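Okay, so here's the structure we're looking at.
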Amino acid sequence: MVEQMVQQTTKAPIGAYVCLLKGCSRRKALAEGKQVHALIVQSVLDSNILLANTLVHMYSKCGSVLDAHKVFSNMPQHNVYSWTAIISAYADSGQAEEAIKLFQQMQETGLAPDKVVFVVVLKACARLAALEQGKQLHSDIIRRGFQSDVIVGSTLVDMYSKCGCTEDARELFNNMSERDVVSWTAMIAGYAQNGLSKEAFALYEQMKQEGVQPNNVTLSTLVDMYAKCGCTEDARELFNNMSERDVVSWSAMIAGYAQNGLGKDSLALYEQMKQEGVQPDNVTFVLLLQACASLAALEQGKQLHSDIIKRGFQSDVIVGSTLVDMYSKCGCTEDARELFNNMSERNVVSWTAMIAGYAQNGLGKEALALFDQMQREGTKPNEVTYICVLSACAQSRLVDEGRHVFDSMYKNHGVTPTMEHYACMVDLLGRAGCLADAELFIDKMPIQPGSVVWMSLLGAARNHGNVEIGRRAFDRVMKLEPKNAAPYVLLSNIYAAAGRKDELAKIRNEMKDAGVKKMPGCSWIEVDNQVHAFVVGEATHPQSKEILAELDRLVGLMKEAGYIPDLSFVLDDVEDKEKENALCRHSVKLAVAFGLIKTPPGTPIRIKKNLWVCGDCHNATKIISKIVGREIIVMDANRSHHFKDGFCFCGDYW
DNA sequence: ATAGGGTTAG
């Protein structure tokens with residue numbers, strides 16, 4: 001077909017080829033572009049500088065920097081457009097350092113840069129947050145008199161913002177001789193990216209006052225900003241009022257829900273998006289997978305996975321890593337691993353996601369093995385990798401292995417332990433019952449221990465019923481984070497388990513006086529592609545009556561099997577009978593009962609919980625798994641619990 | 001040629 005088209009236009013072969021290549025660029029049709037390239041070579045037109053430049057451009061747009069570079073280096077001569085095309089190829093593919101290097105090479109050849117090449121190199125600097133180079137470019141731009149160009153100006157604003165220099169960006173913005181909607185939006189986005197939402201809103205108001213119409217890019221920026229502030233309702237209102245919504249606008253709103261714990265709303269919005277005929281892209285899928293992961297919504301996650309394959313996004317490394325994460329967070333480490341093995345490209349995040357998957361599911365040995373493999377295959381672990389490896393060791397009681405990893409992280413990969421790593425070590429030692437070692441470890445820390453470290457110790461004290469250490473750790477957390485409810489709950493658990501009623505009452509009052517509220521426990525379960533949420537103590541689900549009846553029936557059977565409700569997990573000072581009732585309304589139990597009613601016998605039940613699963617729910621679920629002959633998987637805020645035949649794979653170590 | 005949405009942990 002390509003040949004036919006060319007033959008029909010033999011009168012202007014070069015122009016025709018340019019047209020064809022531009023079409024390929026637009027459609028990102030690499031294979032077709034290569035065909036056209038072959039024809040150009042056949043017609044001995046490949047030394048034509050215009051065609052060669054267009055080829056470089058085409059390969060760049062189709063994502064093949066390698067081919068772009070080949071064409072570029074085979075060209076008999078380069079003009080400024082050739083350089084622009086190859087620099088932009090590297091900048092767009094994320095190889096910003098290479099782009100900057102090429103720009104320097106270009107200047108060495110004596111060619112004078114034009115506006116466009118400055119824009120392209122500035123983009124590379126923004127990507128790298130290479131402020132010094134950016135400033136150098138800025139002065140070159142002034143020297144050549146390009147500073148009054150509105151595109152160059154907007155790009156400079158963007159570069160300074162992405163380097164974290166919002167004040168420089170703003171000064172430049174104020175001095176721009178001409179400002180269009182893009183300039184305003186770049187400055188608003190600059191504030192948003194640097195967490196200055198007040199300034200961003202103020203500038204947005206000013207923009208409207210000066211009569212500049214915000215477009216859908218401006219509004220999507222604001223939707224994202226509202227969402228990042230946690231104001232999803234404001235974001236939604238703005239989103240609803242947008243006249244034009246493209247895939248980015250929808251994704252920004254989907255992200256807002258997914259990243260604020262409202263995964264259900266993300267998935268609902270996706271349905272609406274499809275109805276309105278907007279096509280999701282790779283980024284949309286990443287966000288939706290995050291929503292599924294946060295809900296452990298495996299069925300919908302699998303559906304998305306097949307949509308991803310259908311639309312050809314499965315080779316995107318970020319999509320792949322997010323899929324690994326989604327399967328892991330649904331408790332399916334084997335599926336995650338198979339996917340991981342088949343990924344066409346893996347980066348440090350992909351490896352880390354898989355290691356984290358093993359860690360979350362209590363498979364410490366597998367995590368360590370993968371960590372070894374990763375290094376053998378030449379991927380350098382980063383600090384997050386180490387957090388995951390250490391937490392895998394902590395979850396699986398691999399104390400010596402964890403110590404060894406910690407001791408060698410700087411030596412092996414130059415990763416300096418941060419607060420999080422120290423907290424992991426305290427967790428590792430504390431969980432294993434070495435509370436004294438953990439305290440000693442904190443004493444020897446070269447940095448001031450932060451609240452995460454003390455929280456780890458407090459958690460360990462809770463697990464091992466150590467009142468004194470628990471109290472000490474609690475006091476340290478309070479000094480750093482007086483408004484956090486978690487330490488109050490942990491210390492209350494310690495007092496309750498130790499039967500220290502007076503101290504329990506006292507801490508409950510202190511908590512009340514401090515105006516600190518415990519986050520209510522909430523569990524989710526997906527049934528028939530629909531996620532159902534259960535909040536502790538609430539009977540708001542339409543089928544609450546049946547759920548409570550089922551729980552009643554189960555508790556009877558459980559007691560026959562030896563279940564004794566652990567009333568120490570009810571912190572309110574009420575009668576024992578009432579405590580037992582309260583235990584029965586814990587969200588995990590409600591979700592389990594619902595799952596039992598709504599799914600066929602024998603099928604596994606998968607539940608997601610926002611906090612840690614409580615000891616009584618853990619014990620109860622073990623017994624239920626045996627009585628009803630079902631596998632029950634509870635993904636809590638920390639790790640998974642896989643119940644089967646009366647046991648949990650965590651071995652009660654969590 | 002310029003502005004907006006994305007991956008691992010906690």
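These figures come from a predicted structure and were not determined experimentally. A, B, ... follow the sequence lines: proteins, then strands. Residue 1 opens every chain.
- Proximity note for A/N215 (side chain, C-beta onward) versus B/dG10, B/dA3, B/dG6: the nearest is B/dA3.
- Ring geometry for A/W83 against A/F72 counts as perpendicular: the plane angle is over 60°, on a 0 to 90° scale with 30° as the lower cut.
- Comparing atom distances between the A/K228 side chain and each of B/dG10, B/dG6, B/dT8 picks out B/dG6 as nearest.
- Relative to the side chain of A/A186, the nucleotides B/dA3, B/dG6, B/dG5 differ in distance, and B/dA3 lies closest.
- Ring pair A/W250/A/F239: centre-to-centre distance below 6.0 Å.
- A salt bridge does not link A/R337 with A/E334: every distance from a Lys NZ or Arg NE/NH1/NH2 to an Asp or Glu carboxylate oxygen is 4.0 Å or more.
- For A/V283, the side-chain atoms get nearest to B/dG5 when compared with the rest of B/dA1, B/dG10, B/dG5.
- Checking B/dG5, B/dA9, B/dA3 against the side-chain heavy atoms of A/A356 singles out B/dA9 as nearest.
- Of the candidates B/dA9, B/dG6, B/dT7, the closest approach to any side-chain atom of A/Q360 belongs to B/dA9.
- Put simply, CG on A/L137 is 15 Å from P on B/dT2, counting in whole angstrom units.
- In this structure, the nucleotide among B/dA3, B/dG4, B/dT7 sitting nearest to the side chain of A/S321 is B/dT7.
- Within the 4.0 angstrom heavy-atom criterion, no nucleotide atom of any strand lies near A/T218.
- Comparing atom distances between the A/V119 side chain and each of B/dT2, B/dG6, B/dG4 picks out B/dT2 as nearest.
- Heavy atoms of A/V247 sit under 4.0 angstrom from at least one base atom.
- Among B/dA3, B/dA1, B/dT8, the nucleotide with an atom closest to any side-chain atom of A/K115 is B/dA1.
- Between the base of B/dG4 and the side chain of A/S251 there is no donor-acceptor pair shorter than 3.5 Å.
- A/S249 contributes a side-chain N or O that forms a donor-acceptor pair with the base of B/dG4 under 3.5 Å.
- Taking 4.0 Å as the cut-off between side-chain N and carboxylate O, A/D224 and A/K228 count as a salt-bridged pair.
- Defined by atom type and a distance below 3.5 Å, a donor-acceptor pair is present between the side-chain atoms of A/T418 and A/H421.
- Set against B/dT2, B/dG4, B/dA9, the side chain of A/V182 has B/dT2 as its closest nucleotide.
- Atom CD in A/E178 sits roughly 18 Å away from atom P in B/dA1 (whole-Å rounding).
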